[in-house]
Every structure is written in structure tokens, then in C-alpha cells.
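Lettering of chains follows the sequences in order, A, B, ..., and the numbering in each one begins at 1.
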There are 4 protein chains.
Amino acid sequence: MTVHSPEARGRGAQGGPADDRALKRERILDAAERVFAQRGFFAAKVADIAREAGVADGTIYLYFKNKDDLLISLFESRMERVNARLAAAVAAAATPRAQLDAFIRAYVDLIVEQPTAAEVLTIELRQSARFMREYSAPRFGELLRLLAGVIAAGQASGEWSDAVPAPHAARLIWGMLDELALAWLLGRDRGGRRGRKPPPAADDSGRKFDIVRAADWVGALVTQGLERRSNA
Amino acid sequence: MTVHSPEARGRGAQGGPADDRALKRERILDAAERVFAQRGFFAAKVADIAREAGVADGTIYLYFKNKDDLLISLFESRMERVNARLAAAVAAAATPRAQLDAFIRAYVDLIVEQPTAAEVLTIELRQSARFMREYSAPRFGELLRLLAGVIAAGQASGEWSDAVPAPHAARLIWGMLDELALAWLLGRDRGGRRGRKPPPAADDSGRKFDIVRAADWVGALVTQGLERRSNA
Amino acid sequence: MTVHSPEARGRGAQGGPADDRALKRERILDAAERVFAQRGFFAAKVADIAREAGVADGTIYLYFKNKDDLLISLFESRMERVNARLAAAVAAAATPRAQLDAFIRAYVDLIVEQPTAAEVLTIELRQSARFMREYSAPRFGELLRLLAGVIAAGQASGEWSDAVPAPHAARLIWGMLDELALAWLLGRDRGGRRGRKPPPAADDSGRKFDIVRAADWVGALVTQGLERRSNA
Amino acid sequence: MTVHSPEARGRGAQGGPADDRALKRERILDAAERVFAQRGFFAAKVADIAREAGVADGTIYLYFKNKDDLLISLFESRMERVNARLAAAVAAAATPRAQLDAFIRAYVDLIVEQPTAAEVLTIELRQSARFMREYSAPRFGELLRLLAGVIAAGQASGEWSDAVPAPHAARLIWGMLDELALAWLLGRDRGGRRGRKPPPAADDSGRKFDIVRAADWVGALVTQGLERRSNA
DNA sequence: CATGAATGAGACTTCATTCAT
DNA sequence: CATGAATGAAGTCTCATTCAT
């Protein structure tokens, strides 16, 4: 049941059997991403995913232990991608302020670029937050630690107040980004799914706002707060 | 999908059959709250809820159209309570700043007082965020509008910058509170549920922090931001 | 999941709900007996049994934990009946020799009267003898102990030789009866099952012999052996 | 349902491809014997047998038509061995009495020497006795006819009573031997399989008795019966 | 011949919902 | 109104068998 990595056979990049395996695994994960995003984890049938992936039902079980494992693997895969992108963005920036902006910007970019993945991460993987967070803790903690590191650096440099402990600040900022993502993803048009008519906008900020601009607001709120600066 | 109302019989007399009906309905909702919090919506069986409520399985269907309706009704009931508390807290405060603090404080108090309800609202109701938000939109929008009103008032008075449009600021603040609640609720000890061993803390801020103190940080971050004030 | 006995309610014999329950349970067991006898345990589908019993598939699971439990319960039920009959027959006889004959005769009668049950006990319940004997040990041991008691009494009285320890003699005698039952049951005509054509007789004694007469041979062999008596 | 024969290629040259084929076929049968003995026929997966035999899953199907054919072929193979041994033992003895003893002794020796094979023949092949006996009839009949021949000879010589027809006597004796084998095989320690705790002994003769001594009892019972001889 | 990845039919079991009492 | 036994649709997962390499 061990999943061989594409390089497991020490070959090059030309399609060996290990590559085939990794490729098909990826195809199934992609299919699962779409189906979970569309129907939700519980409503998604393994048969749906198999059809979407173009494989037989049983094939799913050659690559994943069960439906739960598929969800967890999907989470791992996508979070790995997210963490890598965020880490790279932060690494490329010089100052804490620039790093924070880069973090926010990178996350928003990811959401816009890969809304289906974002939908699964932000919405469906919360299905039973309890259940997921247990599995998601490590990857999710990685993300929070990266952000906390940026905050802590800013605090250490004296640029930022240390009134709020860095780990908590990181979590609060994450809460903003998460909510932003959620609002934007839910506000998009995604075709009449499950025959439900689109409900009226939840609030004025609800549907179809420019998430890139909104990201700036997160940066602004986090750094400057709401208070009007006397010297502004 | 119509939610049966306790007043459907149009009585209103105290102690009459209509009251009995309302009382039993409430008993079922309370049971559902506990069971949903414990097992999650999908894993919760109608029979579990019936047993917890001390009624027969079929009785559930005399008060709710189906399992979904039970979840939606539970959401409505609890959000009504939340909105009322938040509105009262805001109404009792004089300035926008005081109102914001009151809002935050009231929400945190609710979480601490009624963690089971909070768990359902914050965690389990997200199961299929799409599904829930559709139904939750009105009540949830009410909450966001209340908060946005506070922000807008502060901006109108010139106390707060209007760099971030009030509805968006409200949503971002809500994101912080939601994440705070989530972290705190997941971090609590709740007995070994479902036999899963407690996972390692996701991050330093993970388990068992003082949510009341953390609420102050939300206020601080929102109003002052991270930047060190020249005159601080 | 506790199965109430018919008298659990302390009523009389007029059909209370507990009676209904016991009756339906019995109906399912009877259906299972027929289906197991016809198709074998593994080939028997729960749906087959449900149809045969005239209940819905799910109803089976209101009375039995799973398919295995159904088999075990069936074994328990039928062995109880067998043991009771054998014990009664032995009790009604005076001398060890008469008791042994009564035991043999009672067992053969049971097979003739209830060939379907006998088929399940003798053939299908051996499916995985290992599996079944584990569960069957107690009931089966009861039968062997009853027989061993008869042998031991005969040995104690000096009528029978104690060259063979009673428990072993009992087991050997049981082996004869079991083989006799098997041969007779397999030799009966039971309609073209599963479309398999009846195979040629296994041996001259194979098909359609008079099991009652054969039972006498068991008694003769056990008591007198093959050797021609000098005084015979 | 035709069983592929190793000699199908009609070669017979030693060390040639036909031998390779026969050898691999034997390897698969050996593996099947172990796996069937361990897990039982229905629980045994073709993949298990392939792994045990050190071949690919598909290879099984180059040597056997299907899983049933594998079982039948295994039965044929082992029964052939058993019949040969029993026939040789009988042939080497002079008098019916000596032949009967030789038969019993040879069978017990086989069980002790090859308990795994014995387990499959005695226990697992009964899974669906109906199914197996249909296929097993010829080989099994051979065994019974051999034994019946011995009995008949003894009866013809006047040494033994002909009160019990030889074929029936043979079958009854076989029942004893079979039960003896079953009890001994089930009583052996075979490592904690399937995690089941060893059940309590079914009866006093249950676990760990000396099957060789017990074999003498079979002989004694068959020839002399239980009755105490007046002149003994 | 050998391989083993893929197939897909099929069974057990669960559980929301109904309805006769 | 309340009950809870019964229903039966539906989904996950297994595994014998096939077939392209």
C-alpha cells in the first residue's frame, strides 16, 4: 500500500511505472477535489469520484485506504502546496511588513488561481472541523507558525507592538483571511448546483467583491487598526 | 423545508397544549445540540437525538420535517439567541469603541457560557458551509450588519478610519472572533470522544488559552493594529 | 438488542408484543435454516433470508447483530432442541444399553423429522469447522457429555468394558452418527439445486438407504463389535 | 470445471518445461493448502495464495481455472496421496484384522505427519459439504470401497459378523476416524489465529490427546464392541 | 509464460423516514 | 399525539478474474 513517489525508482522524469502510479493517484485526487467541492464530502460518492477520475470504483482503493484517507490525503497534498507557496513568498520578502503583505497576497492569489482547491480547504474540509483539525493540525500548524514567525520578527525589531503574542496574532490574522476566502468563494457564481436557487446576499459585502483589494484591507487593519492616526 | 413553528396552533395561552408542544420542541432542539456537538451532524443519528430527548424516533418528525430541518431550526434558534445578546450588548454601550468591545465581549461570554451551542454554530454547522450558509445567510447577515453598523458609526464620527469599508471590516473582525472561538473550542478538554487520541497542539496558541484575555487582543488588533504608535 | 423471551412479560400465552418479537425472530431463523440448507452459509444472501422470511432486509438486523450472529443463533436454537430431545430420550430409558439405543434412535428420528435443520447442523455449520466449533463447543460438549455419561454408567455397572475411556467412546460413537446423518442427508433427493446435476453415488451405501435400519447397525457395532461371538 | 492436468503438454521429459509447469503447479497447491488451512476456503483470498506461492495473482489462473478448481484440485491431489498410502498399508497386511488395523494406523499417521493437509481435508473441505462431496465422491468412494473390501473379506472369512453390511460398516468406521481426526486437529495448538481466544474444551476428550493411542480404541471398538466378553 | 494493475459486480449493513397501533 | 418496529434505498468496500505489457 505504500505509495511510491515519482522518483522512487531513481529514474529520470520519463514515465516509468512509478510515475504512472503517482500520476493516477494525482488524477484521483484532482477528481476528488472537484467532487468534494461540488457535493461536499459526505454527499460525494466514491463512485462519483471514480467516474470523474475515469477509473473503476475499486481502483480508488488501490491508492487510498478508504474514503476518509482520500480526504486526508487531499488535504495533505493541497496544504503542502499552500505552505510551500506561502513559505516561498515570505522568504522572498525582506521586512516583516513586506513578509506579511507577501503572505496575504500569496494566499489570496492561491484562492483566485485554484478556487476549487480553496473551496475544499476552506469549506468542505471543515465538515467535521474536529475530525479534520486532528489530521490537519500539523500542516495547519505549519502555516500558523510561519505567520507567527513573521509577526514575532516584526515585534522583535520593535516595529510592531508586542501587545498581542505573536501566535495569537497569527491566528487572528488567519481568521480574517479564512473568512475573506470563505465569503469570496461562497459569493462566486458557480452554476446552479443541486438545483438550489442562489440565496439572497448575506450582507452588503457578500457577493462578488474584489478579493485582491480586500486583501489590502486585511493588511491595513492588521498593521494600522481602525483608529485614525493623529499624525496620519 | 418550512420550519414548523411552535405557535402554529395560534394559541399562546400559558400552560396549554401549545406550551407543551413548544416545550417538547425545545427539548428536542437541546438534545440535537448535544448530539450534533458530540458526533457531528452527519454522524448523529436521529435515533440518538430521540433517545437524548427522551422521545420516540417518530416523535421527532412531528416537530421537524426531517433531519435537515432539525439542523436549520437549531441554527435559527441559537442564532436568534446570539443576535439578541449581541444587539443588547451593543445597545447598552455608548460609543462605537465601547460598542465594539461590548460586541466582542458578549460573543466571548456566549461561547464560554454555552460551549455546546457554540460548538455547533462554529464547528458542526460548517459541515457543508455552502449548504448551511444558504440557510444561515439571513441570521448571519443580521450579525454582520450589527457589527458593520458599529464600525460605520465609528467611521462616521471620525474616530475610525474609513480606509476599510465597514461591511468588510465587520466581516474581517468576525473572522477573527470565529477563529478565536474555533481554537478555544477545539482546545478544550471534552473527554475522549470517538476514541481518537488527542492530537498534538497545532501551534503554541492551541490548547487552553484564556479566551477572555484573547478577546482583548482582538479589540486591540482591530483598533490599533500592530504598528507601534509613536505616541504610545 | 436483548431478545425478550416469550414469557418475558409474564403474561399468558396470548400474543403480546414480546410474543410477536419472539415469533418473528423464529420466522427469521426458520427462513435462515432453509436458505442456509439450500445455498450454504456463504452463498446465502441476507436478502434471500429476508425474502424467505417475508421481511425487509433491514429487519434482520433488528433481531440479529449480523449474518454471523444469525448463524450462531440458529445453531444455538437447533442444538438446544437436539440436546433436549436426546436428554429426554436418555432419561426415559432404564439401562445404559437402552439409553444408548434411545440416544441413537432419538438422533435418527430428529434427522428424519427435521432434515433441513439436520442439514444445517451436519453440513453447513461445518463451514469453517474451526469457526463454528468455537461457538458450538458448549452445546456440542453437552451432547457429548450426555453420551459419555451413558457409556460411563454402562462401564461402571460392569456391563461394558472400560477399555475405551467413556469420553472417547462417546466421541467415536458420535462420529458414526454424524457420518450416518451426512450420508443419508446427501443421498436424499432434494430437487435440482443450483442446477448441478446429481453426481454419481459415492459408494454402494450411498444413496437412499434406510437410516432407521442403519441406526441399528450403529448400536450393534458399538456394543458387539464386528467379531463373531463364540456363543452367538 | 475441467482440471488442467500437468501432463497436458504430453511431454514427460524430466527437467523440461513440463516439469517446471508441474513444479509450479505443486507450489501453488502447497500454498493453497496452507492458506486454506489457515483462513478457510471462503476467507482465503486468491491473492493470499499467490503471495504464499511466490507468484503473481494472474499466474494462478494459468494453472487453475478458478478458485473452485484450485480447491478441487487440492482435494484430488491430497486424496490421491491418502488413498495410495491407505491402499499400500492394507496391501501389506495379511488378515482382515491386520488390514483394518493397518488402515486405521496409516490414516492416523497421515494426520500426524501432514496436519495441514489433514486440516484442509477434514475441516475446510466441508465448507459446503454438498458442494465438495459432489466433487469428492469418486476419491472418497475409493477410500470407502477399500475399507469396505477389508470388512467384506473379514465377513467372508467368517471372522466377522455380517450383521452390518460391509459398505455401511466402512462408512461408520470412517465416521469414527473422521471425528477422531477432527477432534485432534481442533485440539492442537496452532498459534492464536484470527485473534480468537481459545474456547474452553468441548469435552473431556477434547484437547491434546494421544491420537495414536486413540486409534487403538477405534480398532477395539470396531472389532470387539463395548460389551464385556464372557470369555475375556 | 508471467505479471499485477485494473476492473466492476455484488453484498452487507446503516439509518432516515413512515405508519399501524 | 406518541410510539417504535419496520422499511428499503443506497453506499462503501472487497476480491475473483482479466488482459495489456
Exercise. To the nearest Å, give me how far apart CZ (C:F64) and P (E:dT14) are.
Key: 15 Å
Practice problem: Return the nearest nucleotide to the side chain of C:T59; candidates are F:dA6, E:dA2, F:dA2. | Solution: F:dA6
Practice problem: Round to the nearest Å and state the distance from B:R25 atom CZ to F:dC1 atom P. | Solution: 13 Å
Self-check item: For atom CG of A:D48 and atom C1' of F:dA10, their distance in whole Å
Solution: 12 Å
Quiz item: Does C:A44 or D:G54 map to a spot on DNA chain E nearer the 5' end, using the closest nucleotide for each?
Solution: D:G54
Quiz prompt | Residue pair A:E124 / A:F36: nearest heavy atoms and the distance that separates them | solution = CG-O, 3.3 Å
Quiz item: If pairs are Watson-Crick or G-U with both distances under 3.5 Å, what is the dot-bracket string of DNA chain F, marking crossing pairs with [ ] and pairs to another strand with |?
Solution: .||||||||||||||||||||
Quiz item: More 5' along DNA chain F: C:V55 or A:K45, using each one's nearest nucleotide?
Solution: C:V55
Quiz item: Expressed in angstrom and rounded to an integer, what is the separation of B:L71 atom CG from E:dA16 atom P?
Solution: 13 Å
Quiz item: Is it the case that A:K67 places NZ or CZ above or below the six-membered ring of A:F41, under 6.0 angstrom from the centre and within 45 degrees of the axis?
Solution: yes
Self-check item: C:V55 vs C:Y63, side-chain contact (heavy atoms from CB on, under 4.5 Å): CA-CA, chis, key distance, verdict
Solution: CA-CA 11 Å; C:V55 300; C:Y63 293 84; over 6 Å; no
Self-check item: Between E:dC12 (P) and C:R51 (CZ): distance, integer Å
Solution: 12 Å
Quiz item: Quick one: B:I49 CD1 to F:dG4 C1', roughly how many Å, whole number?
Solution: 16 Å
Quiz item: So which heavy atom on C:D57 is nearest to which on C:A47, and how close?
Solution: OD2-CB, 3.7 Å
Self-check item: Heavy-atom donor-acceptor pair, B:R78 side chain to B:A117 backbone, under 3.5 Å
Solution: no
Quiz item: Which nucleotide in the set F:dA6, E:dG8, E:dA2 lies at the smallest distance from any side-chain heavy atom of A:A56?
Solution: E:dG8
Practice problem: Please determine if C:D48 and C:R51 form a salt bridge, counting it only when a charged side-chain N lies under 4.0 Å from a carboxylate O. | Solution: yes
Please enumerate all protein N or O atoms sitting under 3.5 Å from an N or O of nucleotides 17-21 of chain F, with distances to 0.1 Å.
{"from": "F:dT17", "atom 1": "OP2", "to": "D:Y61", "atom 2": "OH", "distance (Å)": "2.9"}
{"from": "F:dT17", "atom 1": "OP2", "to": "D:K67", "atom 2": "N", "distance (Å)": "3.0"}

Quiz item: Roughly, in whole Å, what's the span from CD1 in C:I60 to P in E:dC12?
Solution: 10 Å
Quiz item: Given side chains that start at C-beta, do those of D:E26 and D:D30 come closer than 4.5 Å, heavy atoms only?
Solution: yes
Quiz item: If only atom types and distance count, is the side chain of B:S77 paired as donor or acceptor with the main-chain N or O of B:S73 below 3.5 Å?
Solution: no
Quiz item: Should A:K24 be listed as having a side-chain N or O under 4.0 Å from OP1 or OP2 of E:dA6?
Solution: yes
Quiz prompt | Given A:L70, A:I60, A:V35, the one that forms side chain to side chain contact (heavy atoms under 4.5 Å, CB included) with A:V46 | solution = A:I60
Practice problem: Can you tell me the distance, in whole Å, between the CZ atom of A:F42 and the P atom of F:dT12? | Solution: 11 Å
Quiz item: Can you tell me if the side-chain N/O atoms of D:R21 get under 4.0 Å from OP1 or OP2 in E:dC1?
Solution: yes
